[in-house]
Amino acid sequence: MTREQTTPSYPPPTPTAVSAPFWEAAQERRLAYQRCADCAQAVFPPRAHCPHCWSESLTWQESTGHGTIASFTVAHRPGHPAFAELAPFVLALIDVQDGFRLLSRLTTNPEEGLAVSAPVRVVWESSGDWTLPLFELITVDGGP
Amino acid sequence: MSPAAIVGIGELAPQRYSSGATTLSMIARAALEATRDAGLAREDIDGLLVGPQVGETPQHVPATVAEYLGLHPTMANVVDLGGASGAGMAWRAAAAIQAGMCQTVLCVLGNINERGRVPRSPNRNPIREFDVPFGASGANTSYAFLAQRHLAEYGTTSAQLATAVVAQRENAQLNPKAVFHGTPLTVEEVLASPFVVEPLRLLEIVMPCAGAAAFIVTSAERARDLRHRPVLLSGAGEKVTHRAMSQAPSLTSGPLKAAIDSAYRQSGTGAQDMDLLQLYDCYSIVIALTLEDAGVCPVGESGPWMAENDLTWRGPKPLNTHGGQLSFGQADLAGGMSHIVEAVHQLRHEAGERQVADARTALVTGNGATLSEATALVLQREDS
Ligand SMILES: [Zn+2]
């Protein structure tokens, strides 16, 4: 038996019983997040309990997918070998308008405009069996 | 905090790669050295604090280490705070002694680092689920976010961040155990090293090594009967706030601020009292953030402050006189213990050529995960 040399595939998401609705929504290109029915705060990543008030009444909501960059890095030497060929790429912490922060990747390496506070919006990308929420810069005229 | 003291230290010189060693064997070498340094014997150790060892011993670490060393401790536990584990052990040892659970505690950390071995965590926690699939594996990206935010918010420059790295490298030239002993460094060389995760470059990022370190804690009263001048644990503080960088309460200040405040308060000291700063340094940016959280310089001004002050062993605010992990080497979790071991050398006035004149009080910090797990200690030379 021979073993072919292949590029390691991207590590897929690892949904749990609690987070599964996030990834199911992603398949439909909807950015889902939770909001606490008791204290009204946004909750991410998905939980069975609100970290702000310990309520178990969390409801799934659909995000606008718009936000701003809280910080970013251009990754030249990624930690996981599967991403080596993609480098350099931009990873960012994104403050989503709905009140939560997540980590994602930008779809392209912008030649200009990449900055803390720059506005971004979600762009869906298929990766194997999964659909991932990536982001792109919103340019001044509203589109790339 | 009931008076407790560090009475013995042991440390292997970090090696870039190990071969033929086990984690247990490295831990044992450091533990034996610390016990002998204290003038104690195996039978005197009745408390044991160890770190997690995901690879070799996933569970039951204290029992495994105790069995290896022939210890029968009456207090045994794992301290799982990443780079803060070493500092976290110090106050836990003192607390266990105060609680009457034991009298003399061995605190030990270490790990192998074999060439070609790529550790991959088998976890399924939120980081694995929501960071790794996007290309963010390991700590580098998290600290790059912190650095980028500091640059954007305060106008800090990479050259300023590099000055601390270079000062520590100068200190390491007087420490034969340092992995970069014999390899001086300039700011220009740091800035010429390749980007790993912008704005962080290769020489601003700690190098993984193999090694181990240990220290022994006992009551201040018992410490006075032992070989060395006791180094008192005068204050401690700890705070844990998050695991993933995306969940950090702040990108410009960490839980170390509260931990350091607690250590100052318990010891009745402040930033101005520190003769020595042994600050956890996995990345250049962590030094900058810790200087601000410690009140050594105003918030946002660590960049110019580092560039304007002499941070070497001979300056007014000596920083990481052993070289810091960036120049001494980071032997996994033992890297965070190197700051304590060096503080003990300095406060005993046994640091040789790099001795800080009349060092009496030191701030030691530990930092784990993504600026999430913080422990701070104030250590003091006991007056004669
Ligand atoms: Zn709530």
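We name chains A, B, ... by the order of the sequence lines, and we start the count at 1 in each one.
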Chemist: Taking 4.5 Å as the heavy-atom cut-off, does anything in residues 98-107 of chain A contact chain B, and if so which residues?
Modeler: A:Arg101, A:Leu102, A:Leu103, A:Ser104, A:Arg105
Chemist: For A:Trp130, is it the side chain, the backbone, both, or neither that has a heavy atom closer than 4.5 Å to a heavy atom of chain B?
Modeler: neither
Chemist: For A:Pro78 and B:Gly135, which heavy atoms make the closest approach, and how far apart are they?
Modeler: CB-O, 4.4 Å
Chemist: Are the aromatic ring centres of A:Phe44 and B:Phe130 under 6.0 angstrom apart?
Modeler: yes
Chemist: Quick check: closest heavy atoms across A:Leu91 and B:Phe145, and the distance to 0.1 Å?
Modeler: O-CE2, 3.3 Å
Chemist: Of all heavy-atom pairs between A:Thr73 and B:Ala144, which one has the smallest distance, and what is that distance?
Modeler: OG1-CB, 3.3 Å
Chemist: Does any part of the side chain of A:Pro45, heavy atoms only, come nearer than 4.5 Å to the side chain of B:Gln247, both counted from C-beta?
Modeler: yes
Chemist: Measure distances from B:Leu151 to the heavy atoms of chain A and classify the residue's part below 4.5 Å as side chain, backbone, both or neither.
Modeler: neither
Chemist: Under a 4.5 Å heavy-atom cut-off, does chain A meet the side chain of B:Ala136, its backbone, both or neither?
Modeler: both
Chemist: Take A:His76 and B:Val196 through the test side chain to side chain contact (heavy atoms under 4.5 Å, CB included) and record every step on the way to the result.
Modeler: CA-CA 5 Å; A:His76 292 261; B:Val196 175; 5.9 Å; no
Chemist: Can you see which heavy atom on A:Ser71 is nearest to which on B:Gln148, and at what distance?
Modeler: OG-CB, 3.4 Å
Chemist: Quick one: which of A:Ala87, A:Ser127, A:Ser19 has the most heavy-atom pairs under 4.5 Å with chain B, could you say?
Modeler: A:Ser19
Chemist: Given the rule in the side chain to side chain contact (heavy atoms under 4.5 Å, CB included) test, do B:Leu251 and A:Leu93 qualify, once you have shown the distances and angles that lead to the verdict?
Modeler: CA-CA 10 Å; B:Leu251 296 178; A:Leu93 294 177; 3.9 Å; yes
Chemist: Quick one, A:Thr16 with B:Glu129, criterion side-chain hydrogen bond (donor to acceptor under 3.5 Å, both in side chains). Give me CA distance, side-chain angles, the key distance, then yes/no.
Modeler: CA-CA 9 Å; A:Thr16 64; B:Glu129 183 174 1; 4.5 Å; no
Chemist: Find the distance between CZ (B:Phe134) and NE2 (A:His80) and round it off to the nearest 0.5 Å.
Modeler: 14.5 Å
Chemist: Side chain, backbone, both or neither: which part of A:Ala115 has a heavy atom under 4.5 Å from chain B?
Modeler: neither
Chemist: Which region of A:Pro51, side chain (C-beta onward) or backbone (N, CA, C, O), has a non-hydrogen atom less than 4.5 Å from a non-hydrogen atom of chain B, or is it both or neither?
Modeler: neither
Chemist: For a 4.5 angstrom cut-off between non-hydrogen side-chain atoms, does B:Phe195 reach A:Val74?
Modeler: no
Chemist: Contact part of A:Pro15 toward chain B, heavy-atom cut-off under 4.5 Å: side chain, backbone, both or neither?
Modeler: both
Chemist: Output all residues satisfying side-chain hydrogen bond (donor to acceptor under 3.5 Å, both in side chains) with B:Gln330, sequence neighbours left out; order by chain, then residue number.
Modeler: B:Tyr280, B:Gln325
Chemist: Any donor and acceptor pair, going by atom type alone, linking the side chain of A:Arg77 with main-chain N or O of B:Val197 inside 3.5 Å?
Modeler: no
Chemist: Report the distance from atom CZ of B:Arg149 to atom CD1 of A:Ile69, rounding to the nearest 0.5 Å.
Modeler: 11.5 Å
Chemist: Heavy-atom distances under 4.5 Å only: say whether A:Val116 touches chain B with side chain, backbone, both or neither.
Modeler: side chain
